[in-house]
Amino acid sequence: MSLTPEEKETLEVFRKQVFDEEIIRDGDSVGTDGATLLRFLRARKFNLNESKKMLQNCQQWRKTVGGDGIDALYDRLDPYDYPEREEIFKSWSMYFHKANKKGRPVNIQFFGGLNLPELYKHVTPEKHWEAIVVNADSLTREVLPAASRAAGKRIHQSIVIVDLKGFGLSQFWQVKSLAQASFQISQDYYPDTMGQLLIINAPSSFTFIWGIIKPWLAKETVEKVDILGSNYREVLLDVVDAENLPEILGGTCTCEGEGGCDLSGAGPWMDERKERKRNRNTEDSGSGG
């Protein structure tokens with residue numbers, strides 16, 4: 001996205017101020033590049049003080065979340081490989097799966113199987129929340145950078161598909177506070193990372209549910225939402241190629257041999273993880289000889 005001369009100037013002033021005031025330092029995992037700084041500026045309409053305050057709050061959260069900060073939490077709980085992942089996905093699966101036609105990563109969430117009382121017999125609420133947090137952090141830490149490298153251009157937003165088939169009011173009341181907290185961390189700490197939100201299989205009760213959710217969201221977020229019923233296949237295939245869309249959503253992908261589309265984590269980010277693992281194994285076998 002091209003910037004006006006004024007916006008370019010604001011970005012340079014912002015960059016100087018946040019480094020001078022040590023709001024960010026080189027190497028911080030929040031990201032120190034222009035694309036990251038722009039996300040915070042855009043979220044606060046290029047108001048320097050408001051953008052600085054937002055970044056400062058984000059950095060404070062990143063240092064304290066999980067008790068010892070986001071970097072330690074991410075090392076401790078790999079969003080693509082932790083023991084309780086399958087159990088959590090039975091209730092509320094959320095995963096990144098390949099990219100859409102513009103190269104944006106696709107984030108898919110199913111709410112139909114939601115049963116938190118059952119889930120919390122197997123996983124603590126704290127662990128579930130931590131899994132939600134590291135999944136959110138993987139977007140800017142791994143997913144968007146890998147998608148950008150694969151596309152050969154900067155990709156700074158994902159698209160989100162939320163399937164509400166089988167989701168009703170009783171489940172909404174279960175997940176209401178968790179959903180609100182998830183929206184909050186997304187908007188406050190990962191601003192301007194969602195390009196489009198497609199809600200499919202919206203039940204008749206969704207008008208009421210949307211009336212509760214809508215005030216949680218920034219006006220800019222609401223403008224990116226498309227609420228679809230059960231005739232969504234053409235809309236999705238207009239956005240995502242069939243081979244990149246899971247079969248369950250009307251595409252042709254099954255991620256056979258990879259644990260299925262939900263558990264595979266398929267996409268450029270997973271390709272890079274596998275490549276790093278191969279390189280480590282090669283180094284280990286080389287040093288072991």
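Since the structure is predicted, the reported quantities are computational estimates derived from the model, not experimental observations. The basis for the numbers below is simple: all heavy atoms, side chains too, and nothing from hydrogens, waters or symmetry mates.
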Ser138 and Trp269: CA distance, side-chain angles, deciding distance, side-chain contact (heavy atoms from CB on, under 4.5 Å) verdict: CA-CA 9 Å; Ser138 76; Trp269 46 93; over 6 Å; no
Nearest non-hydrogen partners of Pro105 and Leu139, listed with the distance: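 Shortest heavy-atom contact: CG-CD1, 4.4 Å.
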Same cluster (ILVMFWY, side-chain, under 4.5 Å), Ile24 and Ile70: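 Different clusters.
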Verify same cluster id: Leu178, Val123 (apolar side-chain graph, 4.5 Å):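 In one cluster with Leu178: Val123, yes.
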For [X] and [Y], does a side-chain donor sit closer than 3.5 Å to a side-chain acceptor?
| X | Y | result |
| --- | --- | --- |
| Tyr189 | Gln59 | no |
| Ser91 | Asn115 | no |
| Arg39 | Thr193 | no |
| Thr36 | Asp33 | yes |
| Gln109 | Ser93 | no |

Please list, one pair per line, the donor and acceptor atoms closer than 3.5 Å that link side chains of residues 202-216 to other protein atoms, with sequence neighbours excluded.
residue, atom, partner, partner atom, Å
Trp216, NE1, Ile212, O, 3.4

Keeping [X] on the side-chain end and [Y] on the backbone end, is there a donor-acceptor pair under 3.5 Å?
| X | Y | answer |
| --- | --- | --- |
| Thr10 | Glu6 | yes |
| His97 | Asn244 | yes |
| Asn100 | Gly103 | yes |

Output field: ring centroids Phe110/Trp92 closer than 6.0 Å: no
Check against side-chain contact (heavy atoms from CB on, under 4.5 Å), Val240 and Ile159: CA-CA 10 Å; Val240 187; Ile159 78 154; 4.1 Å; yes
State the [atom1]-[atom2] distance between [X] and [Y], to the nearest 0.5 angstrom.
| X | Y | atom1 | atom2 | value |
| --- | --- | --- | --- | --- |
| Phe40 | Ile23 | CZ | CD1 | 11.0 Å |
| Met270 | Lys274 | CE | NZ | 6.5 Å |
| Leu55 | Leu37 | CG | CG | 7.0 Å |
| Leu164 | Ser230 | CG | OG | 12.5 Å |
| Asp137 | Glu130 | CG | CD | 12.5 Å |
| Asn135 | Ile132 | CG | CD1 | 8.5 Å |

Neighbour count >12 (heavy atoms, 6.0 Å) for atom CD, Glu9: no
Residues, nucleotides or ligands: over 12 heavy atoms within 6.0 Å of Glu275 CD: yes
Side-chain touch Arg76/Tyr82, heavy atoms, less than 4.5 angstrom: no
Derivation of the salt bridge (charged side-chain N to carboxylate O under 4.0 Å, His left out) call for Lys219 and Glu223: CA-CA 6 Å; Lys219 184 170 70 72; Glu223 287 166 1; 3.5 Å; yes
Sole candidate of Asp78, Asp28, Asp71 that passes salt bridge (Lys or Arg N to Asp or Glu O under 4.0 Å) when paired with Arg141: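 Only match with Arg141 under salt bridge (Lys or Arg N to Asp or Glu O under 4.0 Å): Asp71.
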Criterion side-chain contact (heavy atoms from CB on, under 4.5 Å) on Asn107 and Val162, from CA distance to verdict: CA-CA 8 Å; Asn107 179 250; Val162 173; over 6 Å; no
Intermediate values then yes/no, salt bridge (charged side-chain N to carboxylate O under 4.0 Å, His left out), Glu220 and Arg42: CA-CA 10 Å; Glu220 293 78 13; Arg42 283 202 184 102; over 6 Å; no
All side-chain hydrogen bond (donor to acceptor under 3.5 Å, both in side chains) counterparts of Arg104, not counting sequence neighbours: Gln157
Criterion side-chain contact (heavy atoms from CB on, under 4.5 Å) on Arg276 and Arg273, from CA distance to verdict: CA-CA 5 Å; Arg276 286 197 299 271; Arg273 278 177 161 243; 3.3 Å; yes
